[in-house]
There are 2 protein chains.
Amino acid sequence: MVDLDGAISAGRSARTRGVSLREQVAEQIKQLIIRNRMRPGDLLPTEGELCEELGASRSSVREAVKVLAALDIVEVRHGHGTYVGKMSMAALVESLAFRGFLSRDNDYRLIADLVDVRATLEQGFAETLVASSTPEQRDRLHALATGMRTRAERGEDIIDLDRDFHLALMAPLDNDLVLQLTGAFWDVHAIVAPGLGSSSEQLVQTADAHLRIAERVAAEDAVGLREAIAAHYQPIRTNIAAHIARARED
Amino acid sequence: MVDLDGAISAGRSARTRGVSLREQVAEQIKQLIIRNRMRPGDLLPTEGELCEELGASRSSVREAVKVLAALDIVEVRHGHGTYVGKMSMAALVESLAFRGFLSRDNDYRLIADLVDVRATLEQGFAETLVASSTPEQRDRLHALATGMRTRAERGEDIIDLDRDFHLALMAPLDNDLVLQLTGAFWDVHAIVAPGLGSSSEQLVQTADAHLRIAERVAAEDAVGLREAIAAHYQPIRTNIAAHIARARED
DNA sequence: CCGGATTTGTTCGTATGTATA
DNA sequence: ATATACATACGAACAAATCCG
């Protein structure tokens, strides 16, 4: 049972200045999580309890909870209860993916920008990566790349290994935010521009590009690593440019 | 008047497999925006109209709209109507800020990770920045830095100029995503760790650090720019380390 | 300044679907 | 299979904000 004392609104007549009740409820639920030092997976009070404790109707509480669920601050399981969420980048992915769909009808701008961000992040961390990666991490990177190679030769899909590779590449940084951003940007790319840079005849080339990245990390060659990363994203940029040219004709 | 044809659920008895009605409504509203090629600021149907067109109750429509509003895909104005949103990074800021408050009670981990991301992004784009910045952009950067200097000497706050400076620094990239991420990360930093790296006796040093960045851009010195950016973030890292040490004592 | 129309904000009661024991 | 607890969904009513004549 969590402590609700202090999270009670103490009569919202005090400060209702323009801010809606739903926003107040959302803020109080967030404060509840912080105050009680709750962790992802912990059980939150039921909707009914929140209504009573926070002095709001079921609708207001539900709308607030849904907003927090969209941010992955809470997680709702039907017929089960409401829990503290995993704090993932789900909201960023959904937001960027929607913008990607919009830009896909026009100039592919967001996707091109996204590739620049992904490449620059990986290149920017190149020095730190080669300096702090452990032998185990380099082995894993190499194993993922060779796995992509063998599956590419059979014409099989390598999309899941691709995601794992880019996460494994950034793992030595010991930076959770970078890992989550890397995964989120990859997800957006996969949702909005599926198959961009992995058309069937390019599969082997894509796998080789990853293999060269793994080799440069193992060789502790930061300059070569940056070049290998640039080479990895080059065909993707070319494909995007082709799509843009095709879109202009319409 | 927007076209709602095709966005109608055609009887949701067909596909109700596990996915909640609210999610279906949210998806249909997004499709409505894409289908009609609507732009930020365009007026969406009223709640009542959406209920009728999508065959859902007002509660379900409202919850869906609130989720989309949290992602800044739509914007709701009380007593006015619902409009297409600005597609900002508001959700990312709120999500990261919440995680920042949680980590502030423990290890300041998110803030430290965030500084690494901000520094690496700016350093990673250094070459492109010096290569593509226009004289006007360099002048603006220098003007912002000197403005920070004069106000710092008077002991005045320079936080607003700081945000403008970091946005102006990235402006030459012509990459909207980078600009929005830069602003979002800055906002999270300001919300979670206010005054970190801008304590009153450090104000002049902070302004000088920005001045050196502007000078390196003007000199088209990418290597020096990277060093200047690293120097800019150094006192912030030191302050964070001090906070971590202080937190450990408790 | 006012009043009416429109639109979103909030509440309540009720019924239904879902998961656990 | 039954009972309980919980989230999901609906509809009607009233409150508050905004705009306009």
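Being a predicted model, the structure only gives us computed values, none of them experimental. Chain naming here is simple, since letters A, B, ... match the order of the sequence lines and numbering starts at 1 in each.
Partner of A/Met89 under the side-chain contact (heavy atoms from CB on, under 4.5 Å) criterion, chosen from A/Asp72, A/Leu96, A/Leu177: A/Leu177. Each of B/Asp162, B/Asp160, B/Asp157 was evaluated against B/Arg151; a single residue qualifies, B/Asp160, per the salt bridge (charged side-chain N to carboxylate O under 4.0 Å, His left out) test.
Distance, B/His78 NE2 to C/dT7 P: 13 Å, rounded to whole Å. Atom-to-atom, CG of B/Leu50 to P of C/dG9 comes out at 13 Å; the value is rounded to the nearest Å. Here the P atom of nucleotide C/dT20 and the NE2 atom of A/His80 are 4 Å apart, to the nearest Å. The separation between B/Leu21 atom CG and C/dT16 atom P is 16 Å, rounded to whole Å. Atoms CD (A/Glu75) and C1' (D/dC6) sit 15 Å apart, rounded to a whole Å. Atoms CZ (A/Arg62) and C1' (D/dG11) sit 15 Å apart, rounded to a whole Å. Regarding B/Glu49, its CD atom lies at a distance of 7 Å from the P atom of C/dT7, rounded to whole Å. One interatomic measurement links the two molecules: CD of A/Glu47 to P of C/dC12, which rounds to 15 Å at whole-angstrom precision.
For B/Arg58 and A/Gly48, each mapped to the nucleotide of DNA chain D holding its nearest heavy atom, the one lying further toward the 5' end belongs to A/Gly48. Both A/Gly79 and A/Ser59 lie close to DNA chain D; mapped to their nearest nucleotides by heavy-atom distance, the more 5′-ward contact belongs to A/Gly79.
At C/dT11, one or more side-chain N or O atoms of A/Ser60 fall inside 4.0 Å of OP1 or OP2 (strictly under the cut-off). Note on B/Lys66: a side-chain N or O is less than 4.0 Å away from OP1 or OP2 of C/dG9. Taking side-chain N and O atoms only, B/Thr82 has a distance below 4.0 Å to OP1 or OP2 of C/dT8.
A cation-pi geometry, defined here as NZ or CZ lying under 6.0 Å from the six-membered ring centre and within 45° of its normal, holds between B/Arg77 and B/Tyr83.
Checked by atom type and distance alone, the side chain of A/Ser95 never pairs as donor or acceptor with a backbone atom of A/Leu92 at under 3.5 Å.
Inspection of the B/Gln24 and B/Gln28 side chains reveals no N or O donor paired with an N or O acceptor under 3.5 Å.
Residue B/Ser57 places its side chain closer to D/dA9 than to any other of C/dC12, D/dA9, D/dC6.
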